[in-house]
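Since the structure comes first, as structure tokens, the remarks are kept for the end.
Source: prediction; values computed, not measured.
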Amino acid sequence: MSEQLKFIVEQLNREPFKKSFNLITFDSLEPMQLLQTLNDVLAEIDPKQAIDIREEMPEQTAKRMFTLLGMLKYKPSGGMSEVSSFRQGLVTGSKPVVHPILHWLLQRIPELKKRAYLARFLVKLEIPAEFLQDDIIAETYHQYEELVEGFKNIHKECEQLKSSGFSTAEIRRDIVAMEEEKDQLIKRVERLKKRVEAVSNHQRMLELARQLRVEKEREESLAHQKQEQKNQLFQAEQRLQRCQIQLKDLQQAAADEKPESLMKRLEEDIKFNSYMVSEKLPRELENMRKVVQYLQKVASEPAMGQAELTELEDKIRETNTEINHLIEKRMMRNDPMDDKLSLFRQQAAIIVRKKETKVEELQEAREELATVERELNMKSSQAREQGGAELIRGDEFKRYVAKMRGKSSTYKKKRQEIAELKVEYGVLQRTEEILRERHTAGQQQLQSLEAQRGISGYSDTQEELERVSAIKSELDEMKGRTLDDMSEMVKKLNSVIAQKKTALSPLIKDLRALRQEHAELAPDYEQKKAQYDTCAAGLESNRSKLEQEVRMLREETAQEESRYHHINCMREIVECQMQRAADQSKINQSMDLQVRRTALREKYIANTTEQESLGKVLRQQVKQVRENQEPNMRQMKMWKDLETLLECKKQCYLKAQSQAPIGHVIQDVGKDMLVL
């Protein structure tokens with residue numbers, strides 16, 4: 001308890017409270033002052049709670065605090081059984097009630113601030129069901145729920161952006177850099193505008209350049225679309241080829257198989273699919289719905305802190321222990337009837353699990369078989385396209401098997417040789433170890449003799465001296481070679497430098513003269529270049545004007561030609577329509593009924609009625625075909641079976657006739673035949 005008070009006092013003396021309490025003064029606070037301190041802490045979490053509790057009723061204060069604590073998910077130490085005493089202690093400002101609240105709040109101020117902020121928008125208003133029957137209220141409440149969901153999504157995005165590691169300083173630096181680039185671009189554009197303003201008809205040229213850029217972008221987009229359509233066409237052709245190959249394989253497989261095997265396989269497929277549809281898939285769908293409902297429920301609740309997660313884990317652990325105790329109690333009863341039933345239940349559960357696993361294995365095997373068949377078809381089609389060989393069949397496969405057997409015998413011989421070499425290698429390794437052990441024993445014996453004679457380390461020192469002397473001689477040789485090489489290199493460099501100097505001296509003299517001549521000719525060159533630029537700019541502007549006039553004239557010519565052709569076509573169409581109208585008026589004005597029957601309007605009406613009657617007849621035929629499909633199919637199957645039976649009888653009769661001896665009488669139903 002003292003640690004709790006010490007923590008509360010330390011936190012209240014810090015920012016943002018600055019209460020300047022100590023243990024004695026805090027413990028001696030009056031109930032009203034203690035409640036005011038609790039209200040100040042709650043006001044830091046939720047600014048709406050910044051109220052002087054002396055200006056409101058104690059019941060209102062307790063209700064407001066109790067509501068906020070419930071929203072912050074504070075749970076009293078006594079549990080739900082002591083809610084009334086907790087409420088009474090909060091009203092009276094009891095220390096055993098207020099101190100734990102302060103300790104809990106001061107431990108989690110940042111987390112509780114976030115929870116209070118979210119609760120302002122996520123805690124939904126409770127509206128009675130009878131009010132929701134009003135259309136306006138229901139629509140408004142639906143909009144309110146949509147806004148709440150939108151706030152959830154925006155808050156999640158905001159939190160993700162905060163945790164993504166973006167720095168405001170970096171963003172500001174980027175903005176400053178982009179503004180500088182923008183200023184530079186604006187200056188460059190202004191300079192280019194000033195340069196262009198001197199050219200005549202610059203607005204028209206800018207418009208043409210803009211149109212050219214737009215057309216180029218359009219050309220790039222069209223080329224991209226063309227490439228995409230080519231790719232789609234290629235993929236569609238490949239899919240079509242694969243489907244054709246698969247169809248051919250299926251047709252061949254159906255032609256080779258017997259009706260009994262096909263019927264058996266179809267029955268198995270029907271059983272498997274019926275089990276999947278009636279048992280497995282509905283169960284999986286129900287489980288997924290439960291998971292989705294649970295996840296929606298979890299997502300609709302406010303964020304939970306570490307303390308609440310710990311409490312939930314403790315509850316789960318307690319529930320699991322209670323379940324284990326109940327199972328142990330049930331097992332202690334040992335009811336023989338229950339034992340028998342439990343045995344059967346276990347067997348049934350085991351059978352159901354085995355069935356589910358087998359169904360899953362069968363489904364996976366079918367998917368794997370389908371993928372393998374697709375890969376096989378693709379590989380065979382690719383091999384045929386590339387001119388490769390077909391699959392090995394018949395005698396070629398036998399020869400291939402014989403070849404592989406020969407290779408396998410060769411492989412076994414080589415493996416035996418490798419095993420012998422490994423054995424020999426092991427023997428050599430063992431010999432090396434023995435020789436090393438002997439060498440080590442000799443070295444130890446030598447060291448012991450050196451120690452007896454008083455010259456221990458003599459052999460090691462001698463070997464070290466020999467090694468050092470060998471290294472020293474090698475280094476001396478390398479130094480000598482390096483010095484010789486360096487001296488030769490210096491001589492070569494000096495000779496090369498002297499040669500270059502002698503070769504460059506006349507060129508340097510000529511360069512000086514050429515520089516002087518360049519200085520004299522540079523002003524004339526600049527003057528002539530300026531004259532050339534002005535002349536070229538004028539000629540270029542004249543050329544662009546002429547090209548523009550020619551282009552406009554060509555466009556006008558093309559427009560006039562198209563207009564001329566359009567007018568001619570319209571004239572011909574109008575003449576045809578007028579001729580048609582005149583003929584129709586003559587037919588309508590004629591008194592002959594036979595002529596009037598041939599009118600175009602009556603023909604159209606007759607054709608329409610005829611087509612409608614034909615459509616009705618066809619619909620009736622389709623309906624009859626649909627209704628009589630199953631009986632007709634059954635009758636057709638029966639006729640086929642009858643035809644097969646008659647053919648079998650015919651074959652049996654011919655066979656008996658061919659096997660009958662000469663002079664034997666064959667008795668058939670109502671017939672006697674003598675075979676000579």
For [X] and [Y], which heavy atoms make the closest approach, and how far apart are they?
X	Y	value
Ser541	Ser544	O-OG, 2.6 Å
Thr140	Ile136	OG1-O, 2.7 Å
Asp46	Ala116	CB-CB, 4.4 Å
Ala519	Pro523	O-CD, 3.5 Å

(request) Start with the C-alpha gap between Met578 and Val574, add the side-chain angles, then the distance that decides, and say whether side chain to side chain contact (heavy atoms under 4.5 Å, CB included) holds. (result) CA-CA 6 Å; Met578 289 175 67; Val574 170; 3.9 Å; yes

Between [atom1] of [X] and [atom2] of [Y], what distance do you get to the nearest 0.5 Å?
X	Y	atom1	atom2	result
Ile175	Lys182	CD1	NZ	12.0 Å
Lys655	Cys652	NZ	SG	7.5 Å
Leu614	Asn607	CG	CG	11.5 Å
Gln621	Arg619	CD	CZ	11.5 Å
Gln184	Ile186	CD	CD1	10.5 Å
His155	Glu157	NE2	CD	11.5 Å

Side chain proximity check, [X] to [Y], heavy atoms < 4.5 angstrom:
X	Y	result
Lys290	Tyr294	no
Arg289	Leu285	yes
Glu219	Glu215	no
Met638	Leu642	no
Gln651	Glu647	yes
Asn568	Arg571	yes
Glu145	Glu149	no
Arg563	Glu560	yes

For [Y], is there an ion pair with [X] - N to carboxylate O distance below 4.0 angstrom?
X	Y	value
Lys114	Glu111	no
Lys545	Glu549	no
Lys637	Asp641	no
Glu612	Lys616	no

(message) salt bridge (Lys or Arg N to Asp or Glu O under 4.0 Å), that's the test. Do Lys358 and Glu361 meet it? Break it down for me.
(response) CA-CA 5 Å; Lys358 293 299 179 184; Glu361 290 176 0; 3.8 Å; yes

Check the surroundings of atom [atom1] in [X]: do more than 12 heavy atoms from other residues, nucleotides or ligands lie under 6.0 Å from it?
X	atom1	result
Arg218	CZ	no
Glu547	CD	yes
Glu139	CD	no
Gln531	CD	yes

(message) Quiz question: by atom type and distance under 3.5 Å, do the side chains of Gln559 and Glu555 form a donor-acceptor pair?
(response) no

(request) Quick one: do Arg551 and Arg554 satisfy side chain to side chain contact (heavy atoms under 4.5 Å, CB included)? Show the steps, please. (result) CA-CA 5 Å; Arg551 193 180 299 109; Arg554 285 180 178 174; 5.7 Å; no

(request) Using the salt bridge (Lys or Arg N to Asp or Glu O under 4.0 Å) rule, take Lys529 and Glu526 through it: C-alpha gap first, then chi angles, then the decisive distance, then the call. (result) CA-CA 5 Å; Lys529 186 175 182 298; Glu526 294 294 336; over 6 Å; no

(message) Using the side chain to side chain donor-acceptor pair (under 3.5 Å) definition, which of the options Glu220, Gln227, Glu228 pairs with His224?
(response) Glu228

(request) May I ask you to decide if the ring planes of Tyr144 and Tyr141 are parallel, tilted or perpendicular, using 30° and 60° as cut-offs? (result) tilted

(message) Could you walk me through whether Asp183 and Lys187 satisfy the salt bridge (Lys or Arg N to Asp or Glu O under 4.0 Å) test, starting with their C-alpha distance in whole Å, then the side-chain angles of each, then the deciding distance to 0.1 Å, before giving a yes or no?
(response) CA-CA 6 Å; Asp183 296 337; Lys187 290 178 182 178; over 6 Å; no

